[in-house]
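Right, one structure below, let's go through it.
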Number of protein chains: 4
Amino acid sequence: MAQKNYCISKETSKQPHNGSNPVNNVCKFFTAIPMQRSRPLQQAEPDLNSRILTAAQHLFARQGFEKTTTRQLAEKAGVAEGTLFRHFDNKKSILAAVVTQGWSEMLTDLLTELSEVASYKAVSKVMQKRMLHLHEHGDMMRVCFMEAQYHPELRERIETDVIGKMQSVTEAFIQTGIDRGVYRSLNPELVARIFLGMFMIAGFSQDTLTEARSPKEQKDMAELLADVFLHGILAPAC
Amino acid sequence: MAQKNYCISKETSKQPHNGSNPVNNVCKFFTAIPMQRSRPLQQAEPDLNSRILTAAQHLFARQGFEKTTTRQLAEKAGVAEGTLFRHFDNKKSILAAVVTQGWSEMLTDLLTELSEVASYKAVSKVMQKRMLHLHEHGDMMRVCFMEAQYHPELRERIETDVIGKMQSVTEAFIQTGIDRGVYRSLNPELVARIFLGMFMIAGFSQDTLTEARSPKEQKDMAELLADVFLHGILAPAC
Amino acid sequence: MAQKNYCISKETSKQPHNGSNPVNNVCKFFTAIPMQRSRPLQQAEPDLNSRILTAAQHLFARQGFEKTTTRQLAEKAGVAEGTLFRHFDNKKSILAAVVTQGWSEMLTDLLTELSEVASYKAVSKVMQKRMLHLHEHGDMMRVCFMEAQYHPELRERIETDVIGKMQSVTEAFIQTGIDRGVYRSLNPELVARIFLGMFMIAGFSQDTLTEARSPKEQKDMAELLADVFLHGILAPAC
Amino acid sequence: MAQKNYCISKETSKQPHNGSNPVNNVCKFFTAIPMQRSRPLQQAEPDLNSRILTAAQHLFARQGFEKTTTRQLAEKAGVAEGTLFRHFDNKKSILAAVVTQGWSEMLTDLLTELSEVASYKAVSKVMQKRMLHLHEHGDMMRVCFMEAQYHPELRERIETDVIGKMQSVTEAFIQTGIDRGVYRSLNPELVARIFLGMFMIAGFSQDTLTEARSPKEQKDMAELLADVFLHGILAPAC
DNA sequence: AATGAATGAGCGTTCATTCAT
DNA sequence: AATGAATGAACGCTCATTCAT
């Protein structure tokens with residue numbers, strides 16, 4: 001799937017001119033995934049639709065999918081219970097919609113920044129910045145991580161459409177960093193996985209297994225995480 | 001809670017003699033957490049008790065707490081449904097018991113290895129080894145991570161009794177590494193958090209958001225993770 | 001309601017000249033039964049109205065009243081769901097309309113034939129012919145028989161307006177047959193009921209409790225039914 | 001209300017001695033049809049089981065299957081709603097159980113009497129007697145006729161297990177009557193159908209499309225029906 | 001006049017929990 | 001101590017009906 005022989009090669013110019021940044025090749029990477037009802041009323045009331053999804057994201061993130069009743073969902077969204085089922089075929093496809101929608105923005109942001117990064121050493125800056133924005137998508141991410149466990153179709157979709165995309169883009173980026181001699185000669189697939197995993201740590205550290213952290217602490221954590229990662233993969237200077 | 005001013009100091013001897021290893025001070029750190037029913041019949045049938053918990057761990061990990069019915073639980077444990085409620089006050093306290101039990105071994109193992117580590121540079125070996133053993137506790141950990149989200153009392157307990165313990169032990173370890181000049185002068189609290197977070201990456205990479213990895217891949221990942229972490233925190237050699 | 005003293009009297013002429021056929025007296029027997037909404041828009045769109053009724057007859061006959069949703073009804077009729085309620089007060093009054101409409105033709109046909117019957121021995125021909133036309137009204141009849149069970153107002157209306165009419169006309173016819181000595185001296189009320197009941201047998205035999213019969217079989221059944229009935233009531237020839 | 005015994009005709013001989021009565025060959029004709037849940041608790045509480053079925057028979061007959069809610073069912077049966085689903089897989093299988101159970105007795109009675117009938121001319125006595133007992137099974141029959149319309153699996157079962165049985169036994173009986181020259185030479189299959197259909201007339205006349213008849217009227221109707229049928233099929237005496 | 005999105009009461013069904021055995 | 005039948009609150013979902021457009 002990904003190139004496997006990764007090895008030494010010096011980075012000559014610190015400035016990866018856009019044309020050579022491998023991330024660009026992978027952009028325009030995913031398309032809308034329709035998962036709502038097939039009846040023609042799909043986009044009829046975008047307002048209600050997104051009110052429902054927002055409510056769902058919030059509740060699912062806090063109580064889990066199973067514990068959230070359609071009654072609660074309707075109330076939080078400010079609609080009648082029956083209305084939910086006019087917009088989505090069933091409760092589960094609300095989950096699916098929550099999960100599918102929202103990644104797009106996150107994904108685009110990350111890839112954009114990666115493609116515009118000034119120097120391979122600046123990868124830590126990207127990481128840092130993205131981490132600090134993580135909580136904007138906190139609910140959605142929590143829903144994804146949690147519920148993907150129990151809903152294989154969902155997991156598959158996330159893996160294919162989101163993780164897979166991120167993984168391959170990051171991998172290409174890392175590979176180039178290695179080729180240029182900036183990064184140590186490590187397995188880029190796994191490094192990419194670690195890169196992405198770092199966001200998990202950040203995410204969980206922020207608000208999952210811990211009381212909500214202060215912004216300062218979040219910033220420190222993000223910085224350190226990015227720094228440790230960068231030092232961890234950087235080729236020895238001397 | 002933890003010492004804050006961490007700074008430069010050279011490690012003189014590569015051999016941390018046991019007496020000075022800070023981890024030892026924290027050992028014998030946690031005690032059994034009773035969360036079962038108060039009625040006197042508590043420990044009546046230890047056999048049944050653990051059969052139930054094993055079944056629960058398995059089912060909760062695969063289907064989630066909410067989706068697991070007491071009927072399934074009873075069937076898998078080979079007891080009558082009513083029997084569950086002789087041994088536990090209610091379904092939730094089965095979850096609580098699953099979550100509290102099992103950490104002890106994991107925790108002890110980690111701390112033992114940390115306390116016996118030959119050199120601060122060998123921290124990656126500990127990490128690696130622990131990661132490869134992670135899947136032995138996979139079910140329990142999955143249950144913890146997942147369900148802690150939705151059950152604040154549970155989360156608090158895990159944080160206090162498990163994460164907190166690990167955190168402070170690891171922190172002390174890191175601090176000493178820093179003091180000895182082996183590690184870069186970083187915030188030990190956060191570094192400890194990253195250390196622990198690395199296990200999360202490993203755990204999730206192994207079997208959560210991804211198809212089950214081959215042992216070889218798991219080993220590679222564990223190695224790389226440990227390596228990147230070590231490089232990430234090691235003081236520059238030159 | 002119906003004449004009660006039925007007894008022996010010889011039929012002198014085999015030709016009941018129209019004027020003396022008792023059926024004629026009862027003709028012009030029933031009037032439109034209004035059961036739709038009182039709002040002035042009642043007859044506004046006769047086209048839609050009958051499209052709805054046709055759809056309803058079809059669906060009610062196949063799925064029953066309760067199982068047929070207004071959505072299906074609207075779709076089959078090619079109108080919007082809301083439109084149904086402009087034309088009828090509620091779902092039940094669609095049933096009422098289906099049930100009341102359509103009898104008229106059936107009734108008229110039967111009575112016409114009965115009034116024109118050449119000889120009392122020819123009743124069986126009438127019966128036969130009517131039976132073969134039964135399936136034209138199959139849907140409506142099925143709806144009536146089935147739903148009348150559960151809707152007393154409906155049943156009452158059908159009894160009064162339809163069965164009652166048929167019953168009394170037939171009864172008069174039978175009475176005359178008896179008076180003329182063509183038929184055995186039986187209770188004409190009950191004979192009339194049997195006469196009508198024979199249609200039920202035919203109807204049910206055709207398509208209810210049995211796979212759809214071939215035309216040939218239907219014809220045979222109709223013939224036999226008519227024949228057995230005629231033999232059953234005919235005065236002994238010798 | 002109506003005059004009773006109008007008409008005469010003597011049976012001269014034709015005594016079918018039991019051994020030659022063809023009905024006997026078909027007896028022991030049907031077996032229990034299990035349609036309740038497969039879980040082992042099947043016969044656990046026969047009391048509740050039949051209380052539920054009795055309640056269901058009553059309610060389904062009066063309101064129809066769809067209109068009867070499980071709430072009502074439970075209340076009438078004097079059990080909790082959940083209990084229904086401990087005894088039956090779902091609402092529909094309660095219907096199935098109602099339909100399957102109860103025919104057996106009816107069927108046995110009819111066939112027993114048919115097999116013991118003293119003379120082929122006495123067939124009308126059997127018919128009469130059975131008709132008068134019809135209302136004992138009124139609810140069950142009504143449920144069957146009504147709901148069979150809308151539930152093909154049910155219909156098929158009734159056709160095969162009940163109607164089919166009755167039909168073939170009756171047919172054999174009729175055939176023999178014809179062979180002996182007692183009955184006119186008619187299609188025995190269709191005659192059998194008429195024979196059975198007569199019960200339908202009786203059933204519907206008794207309480208379906210008509211207000212409940214008085215016992216006297218019922219008796220008259222049964223007598224007449226049987227008489228008309230007998231005369232209808234009897235070979236001419238002279 | 002016709003529409004169809006919105007409604008919410010009420011459906012069939014599940015399942016954690018109780019308790020008589 | 002163990003059982004499992006009974007319970008009933010609460011679930012996800014349907015659908016006849018309303019009403020703003």
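Here the structure is a predicted model, which is why all the values come from computation and not from measurement. In the text below, chain A, chain B and the rest are named by the order of the sequence lines, each starting its count at 1.
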Could you pick out which residue, Thr83(C) or Phe65(D), lies toward the 5' side of DNA chain E when each is mapped onto its nearest nucleotide? Thr83(C)

Would Lys91(D) pass as a cation-pi partner of Phe65(D), given that its NZ or CZ must be under 6.0 Å from the six-membered ring centre and within 45 degrees of the axis? yes

Mark yes or no for whether [X], through its side chain, and [Y], through its backbone, hold a donor-acceptor pair below 3.5 Å.
X	Y	value
Arg157(D)	Thr100(D)	no
Gln72(B)	Thr69(B)	yes
Arg142(B)	Arg62(B)	no
Arg155(D)	Tyr150(D)	no
Asn90(A)	Ser93(A)	yes

Position toward the 5' end of DNA chain F (nearest nucleotide), Gly82(A) or Gly82(C): Gly82(A)

Could you check which residues of residues 66-80 of chain D get a heavy atom under 4.0 Å from DNA chain E? Sort them by number, please. Thr68(D), Thr69(D), Thr70(D), Arg71(D)

So, is His87(C) close to the dA2(E) phosphate, meaning a side-chain N or O under 4.0 Å from OP1 or OP2? yes

Between [N] ([atom2]) and [X] ([atom1]): distance, integer Å:
X	N	atom1	atom2	result
Leu84(C)	dC15(F)	CG	P	14 Å
Lys91(A)	dC13(F)	NZ	C1'	12 Å
Glu81(B)	dT17(E)	CD	C1'	9 Å
Ile52(C)	dT17(F)	CD1	P	14 Å
Lys92(B)	dC15(E)	NZ	C1'	17 Å
Phe88(A)	dT14(F)	CZ	P	15 Å
Phe85(B)	dA20(E)	CZ	P	17 Å

Nearest to the Asn90(C) side chain among dT14(E), dA6(F), dT17(F), which nucleotide is it? dT17(F)

Among dT17(E), dT17(F), dT7(F), which is the nearest nucleotide to the side chain of Arg86(D)? dT7(F)

My validator wants the stems of DNA chain E: runs of 3 or more consecutive Watson-Crick or G-U pairs, both distances under 3.5 Å, written as range with range. E:2-21 with F:2-21

Should the pair Arg86(D)-Glu81(D) be classified as a salt bridge under the 4.0 Å nitrogen-to-oxygen rule? no

With the threshold set at 4.0 Å, does a side-chain nitrogen-carboxylate oxygen contact exist between Glu153(A) and Lys92(A)? yes

Do Val99(A) and Glu147(A) have side chains that get closer than 4.5 Å, going by heavy atoms? no

